[in-house]
Amino acid sequence: MAKEYKALMDNGTWRLVPRPPRANVITGKWVFKHKYHADGSLARHKARWVVRGFSQRYGIDYDETFSPVVKPATIRVVLSIAASRSWPIHQLDVKNAFLHGHLNETVYCQQPPGFVDPAAPDHVCLLQKSLYGLKQAPRAWHQRFSGFVQRSGFTASTSDTSLFVYKAGADIAYLLLYVDDIILTASSTPLLRRITELLHSEFAMTDLGDLHHFLGISVTRSADGLFLSQRQYAVDLLQRAGMAECHSTATPVDTHAKLSATDGAPVADATQYRSLAGALQYLTLTRPDLAYAVQQVCLFMHDPRAPHLAMLKRVLRYVKGTLSTGLHIGTGSITSLTAYSDADWAGCPDSRRSTSGYCIFLGDNLVSWSSKRQTTVSRSSAEAEYRAVAHAVAETCWLRQLLQELHAPISSATIVYCDNVSAVYMTANPVHHRRTKHIEIDIHFVREKVALGQVRVLHVPSSHQFADIMTKGLPVQLFTDFRSSLCVRDTPA
């Protein structure tokens, strides 16, 4: 606590003033946490003074808010480029990140219990810098950090607000910001060291060396690339669910029809169901094989029932059997962008809406995937597949723009594989006939991309449609084959 309070004082976070009449003085509390190493061992005890931002009033002591988090696909793209070019990758941690942000609003808070000034016990803190818990704290921190790195020669990405790119001649560097965690990679070690020293001169931060543990993801680097694993997170999740000793299963979902929202009796503890379903979503950062199962589980969070809980437990049993599994990012060429798109037509027994899924590869590395229920009902399987292609093409357009900003543009057309012949024809056929006139105009942008030569939609047999794993339950052998095709591997020896 003393160390945290000293950091607040050294940073000039507040100054004591007499309590103004009718001022909104927000309260706070001390929060104590255990910080762990990647292997789960205790690293240190941490205390943090956090204000209760929920008592702030809009227009009085806060205006706009913003959460500076980088997109998972951006992280995977940057790591793919760094691995293919053998660049050094470092991680940095900003000490008391939110304390660096400058406040534009007038905010008062109480003095921290245990550190009340004996000479002015009735005074309150007029904040000069942001504090953890303030609604505008993330925005103030991001503005401060973004302004500094842009003045230092970096360019802010328009595709992802938390990505910054530096280019000077042959020197290139990428900086990814996730709240107070930073991934920094550069084309040479001297450049990386120079940027690190520059950041040290402005912010109190720790250089944690080579990337090894980021956002709960363990990163192992070897000669054939990077291996991303969330083993410890999965172990903790199983313990939370009381299933640490459960029997494993070979697939996360069965091949039967999808569940209805009204089947079975309501579960006894809906809060625990929602907690575990939400925790599973974070596990999909490195586990594309879980994407469809987790999407199905999350459909019933509003009113979970017994069959839905059974499905959730099956997913956890599958996690138990694949604790050592993670995502592999190889060192191969990254000069092509390939997508697999699929849809399960009218799969929802209640709304008859379809499930879309796609997997997108940069070279041989899987960088983006999705399993999502479509927003409208499709009148034919061709329409459902065409919508799925549109979702995949929209993501590839964003990825191409991102790669352009990273100075690693893709010169060849994006290949999109679809297993529905009618949908493939629709992408190239500009004639509006009876089967397609009801389809919304907004998904016909695929035809424009095909006409411009930026995208090619090709047919692929269902036996080679990797995106099937994102839309339905598969037999064990087919699921295992597709899983290995999605760069999901066991921990390297």
- request: List the steps, then state whether side chain to side chain contact (heavy atoms under 4.5 Å, CB included) holds for Thr158 with Glu405.
  value: CA-CA 8 Å; Thr158 55; Glu405 294 181 354; 2.3 Å; yes
message: So if I apply the salt bridge (charged side-chain N to carboxylate O under 4.0 Å, His left out) rule between Asp344 and each of Arg352, Arg373, Arg353, Lys258, which one comes out positive?
response: Lys258
Note, Leu215 side chain near Tyr282 side chain (heavy atom, < 4.5 Å): yes
Donor-acceptor contact below 3.5 Å, side chain Arg400 vs main chain Ile410: yes
query: Do the side chain of Gln296 and the main chain of Leu259 share a donor and acceptor less than 3.5 angstrom apart?
result: no
- request: Evaluate the ring planes of Phe214 and Tyr178, with Trp represented by its six-membered ring, and classify them as parallel (under 30°), tilted (30 to 60°) or perpendicular (over 60°).
  value: perpendicular
field: Sidechain N-carboxylate O distance under 4.0 Å for Asp468, Lys472
entry: yes
query: Is Trp87 reaching over with its side chain to a backbone N or O of Ile81, donor-acceptor style, under 3.5 angstrom?
result: no
query: If you draw a 6.0 Å radius around NZ in Lys71, do more than 12 non-hydrogen atoms from other residues or ligands fall strictly inside?
result: yes
message: Once you measure the plane-to-plane angle for Tyr340 and Phe361, does it fall in the parallel (<30°), tilted (30-60°) or perpendicular (>60°) bin?
response: perpendicular
message: If you count heavy atoms of other groups shown closer than 6.0 angstrom to NZ of Lys46, is the number above 12?
response: yes
message: Can you tell me if His407 has over 12 outside heavy atoms packed within less than 6.0 Å of its NE2?
response: yes
- prompt: Short question: side chain of His142, backbone of Arg139 - any donor-acceptor pair under 3.5 Å?
  reply: no
query: Should the pair Phe145 and Trp141 be assigned to parallel (<30°), tilted (30 to 60°) or perpendicular (>60°) ring geometry?
result: tilted
- prompt: Stepwise, does the side chain to side chain contact (heavy atoms under 4.5 Å, CB included) test hold for Arg314 with Thr251?
  reply: CA-CA 8 Å; Arg314 179 181 174 124; Thr251 59; 2.7 Å; yes
- prompt: Any chance CZ of Arg489 has more than 12 other-residue heavy atoms, nucleotides or ligands included, within less than 6.0 Å?
  reply: yes
message: Please check if the number of heavy atoms outside Lys372 that lie under 6.0 Å from its NZ is greater than 12.
response: no
- request: Carefully, step by step, assess Val77 and Thr74 under the rule side chain to side chain contact (heavy atoms under 4.5 Å, CB included).
  value: CA-CA 5 Å; Val77 168; Thr74 306; 5.8 Å; no
Side chain to side chain contact (heavy atoms under 4.5 Å, CB included) involving Thr396 - partner list, sequence neighbours excluded: Leu337, Ala339, Ile360, Val393, Thr414
Test log, rule side chain to side chain contact (heavy atoms under 4.5 Å, CB included), inputs Leu163 and Leu402: CA-CA 10 Å; Leu163 167 66; Leu402 177 68; 3.5 Å; yes
query: Taking all non-hydrogen atoms of both residues, which atom of Tyr233 and which atom of Ala279 are closest, and how far apart?
result: OH-O, 2.8 Å
